[in-house]
Protein chains: 2
Amino acid sequence: MTTEIKVQDISMDSFFEKYEGKFKAIADKKRLKIMNILTQKGAMCVCDLAPLMDMSQSKLSYHLKILLDANLLIKETKGTWSYYQLNQKELNHLLSSELCCVFKPTC
Amino acid sequence: MTTEIKVQDISMDSFFEKYEGKFKAIADKKRLKIMNILTQKGAMCVCDLAPLMDMSQSKLSYHLKILLDANLLIKETKGTWSYYQLNQKELNHLLSSELCCVFKPTC
DNA sequence: TTATTAAATCAAATTTATTTGATATTTATA
DNA sequence: TATAAATATCAAATAAATTTGATTTAATAA
């Protein structure tokens with residue numbers, strides 16, 4: 001007895017996995033707050049974000065990494081500072097324009 | 001020493017919590033697949049969805065409840081059957097139009 | 001009424017995600 | 001060079017989500 005698995009099923013599965021990763025990244029109120037702050041302030045370094053988030057540095061780095069790994073943030077390093085900003089293109093692909101100015105800066 | 005907490009902070013917190021719930025609901029590949037199937041098929045009962053999802057009934061009910069609690073599904077009971085369909089209005093509020101026909105039926 | 005079907009719920013086991021505090025790495029400054 | 005600041009990473013502890021199999025509930029059919 002064999003179990004048929006179609007090619008589409010396999011590629012759809014990795015398609016769903018891709019969006020799972022992105023939605024998981026934004027499915028957290030702390031990370032939504034980070035996105036909200038970055039929507040308003042543009043690029044920020046970890047040390048300036050930490051007090052606004054009322055969060056330890058290691059905890060904040062953990063959450064930033066999750067958003068970065070999902071390609072929802074762009075990171076730029078200057079000296080010892082890491083500046084994070086929202087990946088607008090990616091967020092526009094994902095979120096409705098009604099969420100503009102809340103979780104993403106552009107429509 | 002007192003710690004000031006602004007009224008906005010409290011209401012923003014419940015605002016972020018609301019979206020956390022909705023994004024958590026869709027942040028799972030099984031539930032994204034459910035949404036994809038319902039996008040194509042419209043309303044379906046659990047017993048017809050279960051074989052398509054290759055999932056036990058209790059497991060499927062668990063995942064449907066998560067989507068329902070997030071108000072992303074609408075449930076209609078007819079006799080012993082429960083028919084589930086996507087809450088288009090809510091999904092349109094949440095997801096970009098580029099995800100139309102994949103995770104939601106309308107733009 | 002009894003049996004059957006569809007679906008929801010429950011508790012326990014398992015898996016995954018988050019928090020915490022410590023340490024490592026890198027760059028700039030005295 | 002020695003020190004300090006910014007950030008990343010790690011391992012252990014904790015918390016949250018998911019799976020599983022069994023049970024319950026409710027509606028229909030025999």
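Chain A is the first sequence line, chain B the second, and so forth, proteins listed ahead of strands; every chain is numbered from 1. Computed from heavy atoms alone, side chains included, the values below leave out hydrogens, waters and symmetry copies.
Put simply, the side chain of Arg31(B) never gets that close to the backbone of Ile66(B): no donor and acceptor are under 3.5 Å apart. In this structure a side-chain-to-backbone donor-acceptor pair under 3.5 Å is missing from Lys29(B) to Glu20(A). Between the side chain of Ser82(B) and the main chain of Thr77(B), no donor-acceptor pair closer than 3.5 Å is present. Asn87(B) places no side-chain N or O within 3.5 Å of a backbone atom of Ile74(B) that could act as its donor or acceptor partner.
Minimum interatomic distance between Lys22(A) and Leu72(A) (heavy atoms only, all atoms of both residues): O-CD1, 3.8 Å. Considering all non-hydrogen atoms of both residues, Leu94(B) and Ile26(B) come closest at CD2-CD1, 4.5 Å. When all heavy atoms of Ala27(A) and Lys24(B) are compared, the closest pair comes out as O-NZ, 3.2 Å.
Separating the CE atom of Met53(B) from the P atom of dT18(D) is a distance of 13 Å, rounded to the nearest angstrom. The CD atom of Glu20(B) sits 12 Å away from the C1' atom of dA17(D) (whole-angstrom rounding).
Think of the region where chain B sits on DNA chain C: with heavy atoms and a 4.0 Å cut, that region ends 5' and 3' at dA6(C) to dT9(C).
Near DNA chain C, defined here as any heavy-atom distance below 4.0 Å, the residues from residues 55-71 of chain B are Gln57(B), Ser58(B), Ser61(B), Lys65(B), listed numerically. Looking at residues 28-49 of chain B, you'll see Asp28(B), Lys30(B), Arg31(B) sit with a heavy atom under 4.0 Å from some atom of DNA chain D. Listed by residue number, Gly79(B), Thr80(B) are the residues of residues 75-83 of chain B with a heavy-atom contact under 4.0 Å to DNA chain D.
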Could you list the donor-acceptor pairs under 3.5 angstrom formed by side chains in residues 100-107 of chain B, with sequence neighbours left out?
from      : atom 1 : to       : atom 2 : distance (Å)
Lys104(B) : NZ     : Asn92(B) : OD1    : 2.9
Lys104(B) : NZ     : Leu95(B) : O      : 3.0
Thr106(B) : OG1    : Gln88(B) : OE1    : 2.9
Thr106(B) : OG1    : Asn92(B) : ND2    : 3.2

Next item on the list: Let me see the working for Met55(B) and His63(B) under side-chain contact (heavy atoms from CB on, under 4.5 Å), right down to the final yes or no.
Entry: CA-CA 10 Å; Met55(B) 226 181 233; His63(B) 286 291; 4.1 Å; yes
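Leu38(B) places a side-chain heavy atom less than 4.5 Å from the side chain of Ile34(B).
Annotation: cation-pi geometry satisfied between Lys78(A) and Tyr83(A) (NZ/CZ under 6.0 angstrom from ring centroid, within 45° of ring axis).
Atom CG of Asp69(B) has more than 12 neighbouring heavy atoms from other residues, nucleotides or ligands inside a 6.0 Å radius.
With sequence neighbours excluded, no residue forms a side-chain hydrogen bond (donor to acceptor under 3.5 Å, both in side chains) with Tyr84(A).
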